[in-house]
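Written out below as structure tokens is the structure these notes cover.
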Amino acid sequence: MSPRRNPWIGVVLWLALALPPVRHALEATMTLQMLVQIPLLAFAGWCMAAFMPRRWIDAAAAWNRSGISGFVLASLAAIVWMLPRMLDAALDAPSVEITKFVSVPLLIGAPLKISWPRAGFVVRGVFLVEVIAMAIRLGWLYLVSPVRLCSNYLLSDQQQLGRIMLGIGAAICLLLAWKLVWGRIDVDAARDR
Amino acid sequence: MSVLRTLLASLLFLAAGAATLAGATDGFRAFTSETARRIDVREHPRALPPVPLQTADGRTTSFASLRGRWLLVEFIYTRCMTYCSVQGSEFAKLQDRLARPIADGRALLLSVSFDPAHDTPAQLAAYQHRSGDRGKGWLAVRPTNAPDLATLKRVFGVIAVPDGLGGYVHNAAIAVVDPRGRLVAITDWDAPGEAEQYVLHGPAQ
């Protein structure tokens with residue numbers, strides 16, 4: 001059974017990420033928290049979205065044409081968890097840490113899972129272009145900022161994160177370009193309604 | 001219909017998202033925890049804990065007994081080769097610039113070690129000497145146990161991260177404590193003029 005079909009994989013992943021040693025290891029550097037822990041939490045939510053009853057998803061669909069509402073929700077939640085202040089606060093305040101473990105799966109992972117199949121190429125494209133822009137903007141900021149943006153992390157760590165984010169932005173950009181030139185493009189998603 | 005509903009749902013999410021972001025950044029003012037700490041201290045002065053502090057000459061003092069004058073407080077560790085050595089010489093310069101208020105008993109400079117296990121009174125005295133201590137108006141102190149250190153770090157918002165080379169990277173700053181014994185501002189460690197203004201003219205209105 002593929003991970004996308006089995007919501008229990010999300011539960012196991014979420015529990016594993018919540019184990020204190022795993023949590024501390026993945027929060028030891030800014031790079032790990034932002035590019036491994038938070039994306040894995042979102043992925044856990046993506047898997048767990050399959051627990052939602054079919055009826056709810058159908059009811060929500062009327063409010064989520066082409067997956068746009070879901071992308072808006074996920075983008076806004078992602079912006080909040082990209083604030084340097086929040087990365088710091090997750091380490092310093094248990095309440096913020098709990099909020100992160102609940103909101104990232106629920107407000108980023110699950111909406112993306114529900115919305116992605118509804119989105120056609122244009123909506124997906126707009127979303128991906130914004131992901132690319134965000135990765136490059138933040139990457140550049142982290143790379144050139146002479147001050148530490150997180151009190152809990154070292155400057156060298158911040159600069160490494162900057163370089164990796166520039167790389168991620170460039171990689172998604174190349175993938176999108178490859179898809180535009182050689183890929184098959186469905187202007188409307190199969191299940192769009 | 002689903003277009004309008006989607007628009008409505010998206011607008012609701014946008015409004016909720018904007019409100020959340022505003023809340024998480026103190027009204028789009030603080031995107032880093034350091035800025036947030038400074039805004040919070042300025043808007044909500046903090047009472048200081050009555051923990052005992054051991055001075056470089058082995059005596060004991062506390063924020064309560066230092067009340068009645070402006071305190072400029074820095075957190076340091078004496079093994080530091082980078083920031084703190086400069087912090088020390090900036091404090092020595094401040095001793096000159098604030099000579100008058102210091103002589104009048106209206107101001108005092110205070111260096112607090114966040115590495116008390118290593119920073120014995122002798123180490124604190126050596127740190128002051130290395131930095132060019134002018135001999136008046138500057139105390140170097142350390143908390144006497146781990147819970148007190150934790151309390152001080154929490155109240156002042158001091159975060160020290162091991163740098164992997166046996167030292168620390170920390171959010172160095174000059175904390176300003178008013179004569180009533182309240183933490184009222186946190187200013188840049190490398191721009192002592194700002195902290196100096198508090199002593200000379202009181203808080204900017």
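Remember, predicted model here, so these are calculated numbers, not experimental data. Proteins get letters first, then strands, A, B, ... in listed order; numbering begins at 1 in each.
- Residue-level contacts of residues 75-97 of chain A with chain B, in order of numbering, are A/Leu76, A/Ile79, A/Val80, A/Leu83, A/Pro84, A/Arg85, A/Met86, A/Asp88, A/Asp92; threshold 4.5 Å between heavy atoms.
- Close approach to chain A, defined as a heavy atom under 4.5 Å from one of its heavy atoms, is seen in no residue of residues 110-132 of chain B.
- Side chain of A/Ser69 to main chain of A/Trp63: a donor-acceptor pair is present (N/O by atom type, distance under 3.5 Å, no hydrogens or angles).
- Listed for the A/Ser115 side chain is no donor-acceptor partner under 3.5 Å among the backbone atoms of A/Leu112.
- The stretch residues 10-47 of chain B places B/Ser10, B/Phe13, B/Leu14, B/Gly17, B/Thr20, B/Leu21, B/Ala24, B/Thr25, B/Asp26, B/Ala30, B/Phe31, B/Thr32, B/Ser33, B/Glu34, B/Ala36 near chain A, each with some heavy atom under 4.5 Å from a heavy atom of that chain.
- When ring centroids are compared, B/Phe156 and B/Phe63 come within the 6.0 Å threshold.
- Using a 4.5 Å cut-off between heavy atoms, A/Leu154 contacts chain B through its side chain alone, with no backbone atom that close.
- Ion pairing of A/Lys100 with A/Glu27 is present here, as a side-chain N (NZ or NE/NH1/NH2) and a carboxylate O approach within less than 4.0 Å.
- For B/Thr61 and B/Ser65, the side-chain atoms include at least one donor-acceptor pair closer than 3.5 Å.
- Panel note: side chain A/Arg124, backbone A/Ala119; a donor-acceptor pair is recorded below 3.5 Å.
- Side-chain atoms of B/Ser89 come within 3.5 Å of backbone atoms of B/Val86 as a donor-acceptor pair (strictly under, hydrogens ignored).
- Classification of the B/Tyr198-B/Trp70 ring pair by plane angle, with boundaries at 30° and 60°, yields tilted.
- A donor-acceptor pair is defined here as one N or O able to donate and one able to accept, closer than 3.5 Å; such a pair exists between the side chain of B/Gln95 and the backbone of B/Lys136.
- A donor-acceptor pair shorter than 3.5 Å cannot be found between the side chains of A/Gln160 and A/Tyr142.
- Of the possible donor and acceptor atoms, none in the side chain of A/Trp8 sits under 3.5 Å from a partner among the backbone N and O of A/Met48.
- Residues from residues 157-180 of chain B that place a non-hydrogen atom less than 4.5 Å from a non-hydrogen atom of chain A comprise B/Ile159, B/Val161, B/Pro162, B/Asp163, B/Val169, B/His170, B/Asn171, given in numerical order.
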